[in-house]
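What you see below is based on every heavy atom in this structure, not just the backbone, and it leaves out hydrogens, waters and symmetry mates. Residue numbers run from 1 in the order of the sequence given.
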Amino acid sequence: MTNDTWGQVREELIKRVGKNNYTTWIEPLRLSHLKNGVASFEVPTTFFGDWVSRNFADHIRGQLAVAGEPVDRVEFTVGTVPEQPAARPATKPAAKPARVRQNGTDEVTGAQLEQRFTFDNFVVGKPNELAHAAARRVAEGGPVTFNPLFLYGGVGLGKTHLMHAIAHELKFSRPDLHVLYLSAEQFMYRFVQALRDRQIMDFKELFRSVDVLMVDDVQFIAGKDSTQEEFFHTFNALVDQNKQIVISADRAPGEIKDLEERIRSRLQCGLVVDLHPTDYELRLGILQSKLEHYSNQYRGLTMVPGVLEFLAHRITTNVRVLEGALMRLFAFASLVGREINLDLVQECLSDILRSSEKRLTIEEIQRKVAEHYNVRLSDMIGPKRLRTIARPRQVAMYLSKQMTSRSLPEIGRRFGGRDHTTIMHGIRKIEELMAADGQLADDVQLLKRLLQS
């Protein structure tokens, strides 16, 4: 196969896998040979080859067949860059950090920002109010007050939304600043490519010339020694210049496995903020904020009272699932020409509701609470009224009502056959105490996170 043929194949692959995936994973491939039904490509690292093999080998094999070069297998070997470059597709994206002109200033190009991820579209509630306030402060672009800002939390809680919102705000209000947002995976790939192309000094100069560096999902670099080394030096260089750094991850710095201790220590020296799992009020607020959009999009559809409250109570996984459920409801109701009521919700969202139901049982809540407070499970559901047992029991009752769809009588039966009024009293007691006792409120939030993980 000629380089011209491979160039045609690559042009088709851009359409198949998307421009970003093409730039990151396909463009660096160098065709070594094609014979005996095997297409062999050189890649910069073993990791790189494994990733392409898992995610894009079928696409490559399919497009080779379309081009008249059917192959049985695609293989990847770590090698050097050939002296003569392979043919390039007509629309070649930039493969390494480059400077572009914008508003008369140089800027390092990074990941594309999602237009809808702005502060205006971010619904603020108690679980995320601190993270939102900290992100707002960074977005003002003033003197650095905490560096880095480290945002962490589970999937779908708003980390990436806040990161994009900061970048949007800075680009609008402070166009003089060089802002770079990218994922940790992109940082690693660009570093590997710079090593391969022997342009490591260019890499260092580019990344250390920004005013604000934003790296999403930093847990990705854990265990990758060379990338961690370069990230550490980049981090230090920017901090020494009083440049702002914003980092996100799926867990706190101290909980990221295989992250170097010196990096963990640096990340912990700034403001570390946890985006807590959503509570009922925040979920309801998010649904209400989306309702107007979908009502305008699907004019003529009606929704009976109580649907949003039902969804906010039942779907507790993450915001993406919640928003997806509402979108599916409107689309389904539009297709079948019915109003959105609870019967339609059960019919349309049966899989999501079943999944939500499977996630958690009252027994699991009881076990986790008993373990947290170091009491015996038999005592929690037994008759003892000692405060050291009664309080954890009431916490478990409260969480059972908040995190499952079980009725009060059903919860009462799981707690040793107690009357539903006893369960209601225990729930109200915890609600009252949480408003006055910060430690109890923190315990309940921690238990929620543990139960949802």
Checklist entry - Between Val210 and Leu238, does a side chain to side chain contact (heavy atoms under 4.5 Å, CB included) hold up when you go through it step by step? => result CA-CA 8 Å; Val210 300; Leu238 291 175; 4.2 Å; yes
Item to check | Intermediate values then yes/no, salt bridge (charged side-chain N to carboxylate O under 4.0 Å, His left out), Arg328 and Asp351 | outcome: CA-CA 12 Å; Arg328 191 199 296 188; Asp351 57 329; 2.9 Å; yes
Item to check | side chain to side chain contact (heavy atoms under 4.5 Å, CB included) evaluation trace for Met303 with Phe330 | outcome: CA-CA 9 Å; Met303 176 183 288; Phe330 271 92; 3.8 Å; yes
Next on the checklist: Please evaluate residues Met214 and Leu182 with respect to the criterion side chain to side chain contact (heavy atoms under 4.5 Å, CB included), reporting the C-alpha separation (whole Å), side-chain torsions for both, the decisive distance (0.1 Å), and the verdict.
Outcome noted: CA-CA 6 Å; Met214 309 178 69; Leu182 76 170; over 6 Å; no
Item to check | Leu326/Leu322 under side chain to side chain contact (heavy atoms under 4.5 Å, CB included): CA gap, chis, key distance, verdict | outcome: CA-CA 7 Å; Leu326 187 63; Leu322 192 66; over 6 Å; no
Item to check | Stepwise side-chain hydrogen bond (donor to acceptor under 3.5 Å, both in side chains) check, Glu410 with Ser407 | outcome: CA-CA 5 Å; Glu410 286 178 299; Ser407 65; 3.2 Å; yes
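A donor-acceptor contact under 3.5 angstrom links the side chains of Gln244 and Asn147, judged on distance only. Under 3.5 Å, the side chains of Tyr189 and Gln193 contain a donor-acceptor pair of N or O atoms. Between the side chains of Glu229 and His233, a donor-acceptor pair is found at a separation under 3.5 Å. With 3.5 Å as the limit, one finds a donor-acceptor pair spanning the side chains of Asp216 and Thr160. Between the side chains of Thr118 and Asp120, no donor-acceptor pair is found at a separation under 3.5 Å.
Because its NZ or CZ atom is not both nearer than 6.0 Å to the ring centre of Tyr373 and within 45° of the ring axis, Arg391 does not count as a cation-pi partner of that residue.
Contact check on Arg251 versus Glu255 returns no salt bridge, with no Lys/Arg side-chain nitrogen under 4.0 Å from an Asp/Glu carboxylate oxygen. No salt bridge links Arg174 with Glu169; every basic N to acidic carboxylate O contact stays at or beyond 4.0 Å. Here Glu347 pairs with Arg338 in a salt bridge; the nearest charged N to carboxylate O distance falls below 4.0 Å. By the 4.0 Å N-to-carboxylate-O rule, Arg73 lies close enough to Glu75 to be salt-bridged with it. In this structure, Glu261 pairs ionically with Arg264, as a charged nitrogen and a carboxylate oxygen lie closer than 4.0 Å. A salt bridge is absent between Lys126 and Glu281: the closest approach of a Lys/Arg side-chain nitrogen to an acidic carboxylate oxygen does not fall below 4.0 angstrom. The residues Arg449 and Asp274 are annotated as salt-bridged, a charged nitrogen and a carboxylate oxygen being separated by less than 4.0 angstrom.
Closest of all the heavy-atom pairs between Leu157 and Thr278 is CD2-N, 4.2 Å. Scanning all heavy atoms of the two residues, the minimum distance from Gln219 to Asp250 falls at OE1-N, 3.2 Å. A pairwise comparison of heavy atoms in Val273 and Ala134 identifies CG2-CB, 4.5 Å as the closest pair. Listed here is the closest heavy atom pair of Ile352 and Ala325: CD1-CB, 4.0 Å. When all heavy atoms of Met380 and Ala396 are compared, the closest pair comes out as SD-CB, 3.9 Å. Of all the heavy atoms in Glu323 and Tyr294, the pair that sits closest is O-OH, 4.1 Å.
Counted within 6.0 Å of CG on Asn296, heavy atoms from surrounding residues, nucleotides or ligands total more than 12; the atom is thus considered enclosed. The number of heavy-atom neighbours closer than 6.0 Å to CZ of Arg262, taken from other residues, nucleotides and ligands shown, is above 12. Open room surrounds NZ on Lys429; 12 or fewer heavy atoms of other groups in view lie less than 6.0 Å from it.
With rounding to the nearest 0.5 angstrom, the CG atom of Leu162 is 6.0 Å from the CZ atom of Phe119. Atoms CD1 and CD, on Ile221 and Gln228 in that order, are 5.0 Å from each other to the nearest 0.5 Å. Atom CD of residue Gln297 and atom OG of residue Ser334 lie 9.0 Å apart, to the nearest 0.5 angstrom. To the nearest 0.5 angstrom, Met163 atom CE is 8.5 Å from Leu149 atom CG. A distance of 11.0 Å separates CZ of Arg208 from CG of Leu213, quoted to the nearest 0.5 Å. Atoms CD1 and CG, on Ile365 and Leu450 in that order, are 12.0 Å from each other to the nearest 0.5 Å.
Under a 3.5 Å cut-off, the side chain of His164 and the backbone N or O of Arg116 do not form any donor-acceptor pair. The backbone N or O of Gln288 sits nowhere less than 3.5 Å from a side-chain atom of Glu292 that would complete a donor-acceptor pair. Side chain of Arg283 to main chain of Ala312: a donor-acceptor pair is present (N/O by atom type, distance under 3.5 Å, no hydrogens or angles). A donor-acceptor pair under 3.5 Å is absent between the side-chain atoms of Thr404 and the main chain of Lys401, judged by distance alone. Looking only at distances, no side-chain donor or acceptor of Arg314 sits under 3.5 Å from a matching main-chain atom of Leu311. The backbone N or O of Leu344 lies less than 3.5 Å from a partner atom in the side chain of Asn341, making a donor-acceptor pair. Using a distance-only test at 3.5 Å, with no hydrogens or angles considered, no donor-acceptor pair links the side chain of Asp443 to the main chain of Gly438. No side-chain donor-acceptor contact under 3.5 Å links Asp217 to the backbone of Ala184.
Residue Phe187 forms a ring-ring contact (aromatic ring centres under 6.0 Å, His included) with just one option from Phe220, Tyr181, Phe203, and that option is Phe203.
Looking at heavy atoms from C-beta onward, Ile26 lies in side-chain contact with Ile60 at the 4.5 angstrom threshold. Proximity of Leu408 to Ile427: side-chain heavy atoms (C-beta onward) are separated by under 4.5 Å at one or more points. Between Glu339 and Leu301 there is no side-chain heavy-atom pair separated by less than 4.5 Å. Between Glu364 and Lys368 the shortest side-chain heavy-atom distance does not fall below 4.5 Å. Put simply, the side chain of Met188 does not reach to within 4.5 Å of the side chain of Phe231, judged on heavy atoms. A heavy-atom distance below 4.5 Å is found between the side chains of Asn236 and Arg266. In this structure, Lys204 and Glu230 have side chains that are in contact, with non-hydrogen atoms separated by less than 4.5 Å. The shortest distance between side-chain heavy atoms of His276 and Asn128 does not fall below 4.5 Å.
Ring geometry, His161 versus Phe117: the interplanar angle falls under 30°, so the pair is classed parallel (tilted spans 30 to 60°).
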